[in-house]
Structures are given as structure tokens and as C-alpha cells.
Amino acid sequence: MQDELGERLKGARMLLGYTQSGIARECGSKLRSWQDYEAGVRTPGAQVIAGLARLGINANWLLTGEGEPTLGPIPQSQTQSQGSGSGTHHTETAQGISTQDLALLENVILEIRRQLERRGTELPPEIEARIARMAFELCAIRRQQPVESTVANVIELAAYR
């Protein structure tokens, strides 16, 4: 069981695009501890599990292997190259916008497009922009990735008001 958890931890790290030292730092752990978690020698505590959840990993999947590995799409700009070792994704663009916010915005737009395509709905660009703004603000306030139900509610509110 602990070996399976170690494999899921390694998988989560790979999904996020972190090095071992980077993910350990992000989750408030030491590198040696993280290596032991992945090797199945130790079991991570609540702080590490919560840290992974903040990064978008589904804690239920991590602990049980059931469900989807992520809570939603993992922001591409959140991930880093395996060799960089910086361990953080809270950088800013030249315009002062965090890459984390840009990644969230990308994921919001992708989820909106998925839902509109599924519904077979086309909306005017200004309505889609309003939906994107509202969904982005809601996700940013909640500090969560866009989930289907949240975006669906925003679409209903913004598209038909």
C-alpha cells in the first residue's frame, strides 16, 4: 500500500512538472523526506497532502487511488522544467501578472470552451469574455482551479442576464 502511495506521489510530482526538491519545497517538506515518500519508506503527513491539493492534485486519488489524479487541468505555466530546480511557480510576467494567474485564466477559458462545445452553444465574444472574467474572479477568490459545476453556473449567470 505504501509503495502504491509512493508511486502516486511520484506521478503527482511528474504531472505538476516539479523536481523532487521543488515539490518538497512547495509542500513544506524536506527533500530527503520527499524521496522517502516516493520510495514508500515514509508516509506523508497532512501538510504535504494539503500542499499537493493546493497545487491541484486530488487528495482522494492520492490516498486511495480512486478518482481522477487532478482536481482540474494543471496549469502549463505552473509546471517547470525538470532541470531548473527553482521549485516555485509564483513568478511574474514583465507586465506584473503572476504566471499562476495567467495559468488559471487559461484553464478557465478552456473549461468554458469545453462546456460550450458540449452544449453545442455559440455565444458572442463579449459574452464569452464576461463569462471568462466572472469565472476567473470566482476561481481566484476561492483559490481553486475551475470545476465543471462552477463554470456551468457562471455560464448560466453571465450568458443569460
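It should be emphasised that the depicted structure is a prediction, and the values quoted were computed from it without experimental measurement.
With sequence neighbours excluded, the residues satisfying side chain to side chain contact (heavy atoms under 4.5 Å, CB included) with I109 are L105, R113, A132. Residues satisfying the side-chain hydrogen bond (donor to acceptor under 3.5 Å, both in side chains) criterion with Q47, sequence neighbours excluded, are absent altogether. Applying the side chain to side chain contact (heavy atoms under 4.5 Å, CB included) test to Q35 and every residue at least two apart in sequence or in another chain returns Q20, L31, R32. For A59, the side chain to side chain contact (heavy atoms under 4.5 Å, CB included) partners at least two apart in sequence or on another chain are I49. With sequence neighbours excluded, no residue forms a side-chain hydrogen bond (donor to acceptor under 3.5 Å, both in side chains) with S29. Partners of E66 according to the side chain to side chain contact (heavy atoms under 4.5 Å, CB included) rule, which considers only residues two or more places apart in sequence or in another chain, are N60, T64.
Remark: K30 NZ to Y37 OH distance equals 10.0 Å, nearest 0.5 Å. Here OG1 of T150 is found 5.0 Å from CD of Q144. Values are rounded to the nearest 0.5 Å.
Between R8 and L63 the shortest heavy-atom distance is NH2-O, 3.4 Å. Here the closest heavy-atom approach between residue C139 and residue P146 is recorded as SG-CA, 3.6 Å.
In this structure the side chain of I23 reaches within 4.5 angstrom of the side chain of L55, judged on heavy atoms. Residues I131 and L123 form a side-chain contact, since some pair of their non-hydrogen atoms from C-beta on lies under 4.5 Å apart.
At least one donor-acceptor pair closer than 3.5 Å links the side chain of N58 to the backbone N or O of E68.
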Worked verdict on L52 versus L16 for side-chain contact (heavy atoms from CB on, under 4.5 Å): CA-CA 9 Å; L52 287 165; L16 294 169; 4.2 Å; yes
Verdict with reasoning, L116 to E128, per side-chain contact (heavy atoms from CB on, under 4.5 Å): CA-CA 10 Å; L116 291 176; E128 280 194 47; 3.8 Å; yes
side-chain contact (heavy atoms from CB on, under 4.5 Å) between I155 and R119, intermediate numbers included: CA-CA 11 Å; I155 288 171; R119 294 174 182 210; 3.6 Å; yes
Chi angles and distances behind the side-chain contact (heavy atoms from CB on, under 4.5 Å) call for W61, T70: CA-CA 8 Å; W61 168 81; T70 61; over 6 Å; no
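Under the side chain to side chain contact (heavy atoms under 4.5 Å, CB included) test applied with V151, the options E156, Q115, M134 reduce to a single match, Q115.
Counted within 6.0 Å of CD on E126, heavy atoms from surrounding residues, nucleotides or ligands total more than 12; the atom is thus considered enclosed.
For the pair E117 and R114, the salt-bridge criterion is not met [side-chain N within less than 4.0 Å of a carboxylate O].
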